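Down below is the structure, laid out as C-alpha cells.
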Amino acid sequence: MTADGMVIRRAGADEMLALWGYSPDTAPATAVYFMKNISEGNAVFWTVEKDGDLIGELYAFFDIEEDRDFADGEGTAYLCAFRIKREYRGQGIGTLLMNTVLSELGAMGIRRVTIGVDEERNERLYRRLGFDRLVKHCHYDPCDRDPGMKPLYDEKGFRLLSKELQP
Ligand SMILES: CC(C)(COP(=O)(O)OP(=O)(O)OC[C@H]1O[C@@H](n2cnc3c(N)ncnc32)[C@H](O)[C@@H]1OP(=O)(O)O)[C@@H](O)C(=O)NCCC(=O)NCCS
C-alpha cells in the first residue's frame with residue numbers, strides 16, 4: 001500500500017473484463033485472447049486499486065508463438081496494455097506500476113522484457129524506465145487480435161523496445 005492508499009496487486013481475468021467494460025458474452029477477440037492467456041497461465045496482470053476502484057493495468061505475456069522477439073517462453077516477456085485512468089495520469093502512478101511489475105517479473109525469473117511504443121511521449125517514459133534497446137519496427141501487435149484471432153495489422157506501425165532485468 002502506498003502513502004495515497006493505493007495498492008498494486010496481481011489481478012484476474014474477471015477484473016480485466018471489468019476494467020475493459022465487457023462481460024464474457026460481449027468480449028471482443030482481443031479481450032478473449034487476454035482472458036484465455038491469463039487463465040492458461042501464459043499471461044499475468046497487475047492492477048492499481050485506489051479506494052476500491054481499479055485505476056491502472058499492465059500485462060505480461062510469457063510466450064508468444066507467432067513472434068518470439070516479443071516473448072520467447074525462455075525468460076523474455078512482453079508487456080502490453082499499460083494504462084492508467086485518464087484522471088490519474090502524470091502523477092507517477094504508471095512509473096510505480098511498471099517498477100513493481102518489473103521487480104516481480106525479475107523475482108519470477110524473467111530476465112528481459114519488451115514493450116511496444118508508437119508515441120514520442122510514451123517513448124520518453126519507457127527510455128526513463130530503462131527500455132534502452134530497439135528490437136525492431138513492427139506492424140503486428142501479437143496481443144491485438146482480429147475477429148479471426150489473428151494478430152491485427154497496424155498501418156502506422158510501432159517500435160519494439162527491450163530492457164534487461166537485473167538478476
Ligand atoms: C502511459 C501511461 C500508462 C503512463 O502512466 P502515468 O501514470 O501517466 O505515468 P507517470 O506519471 O509515471 O509518468 C509520466 C510520463 O508518462 C508519459 N505519458 C504518456 N501519456 C501521458 C499522459 N496522457 N499524461 C501524462 N503523462 C503521460 C510521459 O512521458 C510522462 O512524462 P513527461 O511528464 O516527461 O511527459 C498513461 O499515461 C496512459 O495510460 N496513457 C494512455 C495509454 C497508453 O498510451 N498506454 C501505453 C501504450 S499501451
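Only this structure's heavy atoms are used, side chains among them; waters, hydrogens and symmetry mates stay out. These numbers were taken from a predicted model, which means no experiment stands behind them. Counting starts at 1 for both ligands and their atoms, following the listed order.
Given atom 37 (O) of ligand 1, the protein heavy atom at minimum distance is Arg89 CD, 3.4 Å. For atom 45 (N) of ligand 1, the closest non-hydrogen atom on the protein side is Phe82 O, 2.7 Å. Of all protein heavy atoms, the one lying nearest to atom 11 (O) of ligand 1 is Gly92 N, 2.7 Å. Nearest protein neighbour of atom 22 (C) of ligand 1, counting heavy atoms only, is Arg121 NH1, 3.2 Å. Among all non-hydrogen protein atoms, the one lying nearest atom 1 (C) of ligand 1 is Asn122 OD1, 3.5 Å. Of the protein's heavy atoms, Leu125 CD2, 3.6 Å lies nearest to atom 4 (C) of ligand 1. Ranking the protein heavy atoms by distance from atom 8 (O) of ligand 1 puts Gly90 N, 2.9 Å first. Among protein heavy atoms, the minimum distance from atom 34 (O) of ligand 1 is reached at Arg128 NH1, 3.1 Å.
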For Arg127 and Leu161, run side-chain contact (heavy atoms from CB on, under 4.5 Å): C-alpha distance rounded to whole Å, both residues' side-chain angles, the deciding distance at 0.1 Å, then the answer.
-> CA-CA 9 Å; Arg127 297 269 175 200; Leu161 307 178; 3.7 Å; yes

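Using cut-offs of 30° and 60° on the angle between ring planes, the pair Trp20 and Tyr59 is perpendicular.
In this structure, Thr76 contributes its side chain and Val113 its backbone to no donor-acceptor pair below 3.5 Å. Between the Thr30 side chain and the Arg145 main chain, a donor and an acceptor come within less than 3.5 Å of each other.
Side chains of Phe34 and Cys80 form a contact here, defined as non-hydrogen atoms less than 4.5 Å apart. With a 4.5 Å cut-off on side-chain heavy atoms, Phe158 and Val117 do not count as touching.
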Please list, one pair per line, the donor and acceptor atoms closer than 3.5 Å that link side chains of residues 37-44 to other protein atoms, with sequence neighbours excluded.
| unit_1 | atom_1 | unit_2 | atom_2 | d |
| --- | --- | --- | --- | --- |
| Asn37 | OD1 | Asn42 | ND2 | 2.9 |
| Asn37 | ND2 | Tyr33 | O | 2.8 |
| Ser39 | OG | Met35 | O | 3.1 |
| Ser39 | OG | Lys36 | O | 3.0 |
| Glu40 | OE1 | Lys36 | NZ | 3.4 |
| Glu40 | OE2 | Lys36 | NZ | 3.3 |
| Asn42 | OD1 | Asp63 | N | 3.0 |
| Asn42 | ND2 | Asp63 | O | 2.8 |

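Atoms of ligand 1 found under 4.0 Å from any heavy atom of Arg124, numbered from 1 in the order shown, are 32 (P), 34 (O), 35 (O). For ligand 1, the atoms closer than 4.0 angstrom to any heavy atom of Tyr126 are 46 (C), 47 (C). Every atom of ligand 1 with a heavy atom of Thr95 under 4.0 Å away is listed here by number and element: 10 (P), 12 (O), 13 (O).
In this structure, Phe45 and Gly12 approach most closely via the heavy-atom pair CE2-O, 3.3 Å.
Of the candidates Ala81, Gly94, Cys143, the one placing a heavy atom closest to atom 9 (O) of ligand 1 is Gly94. With Ile55, Ile84, Leu58 as candidates, the residue nearest to atom 5 (O) of ligand 1 on a non-hydrogen basis is Ile84.
In this structure, the ring of Tyr140 has its center less than 6.0 angstrom from the ring center of Tyr153.
In this structure, atom 39 (O) of ligand 1 has protein heavy atoms in its sub-4.0 angstrom surroundings.
Residue Gln91 places at least one N or O, backbone or side chain, under 3.5 Å from an N or O of ligand 1.
With rounding to the nearest 0.5 angstrom, the CD atom of Glu49 is 7.5 Å from the CD atom of Glu15.
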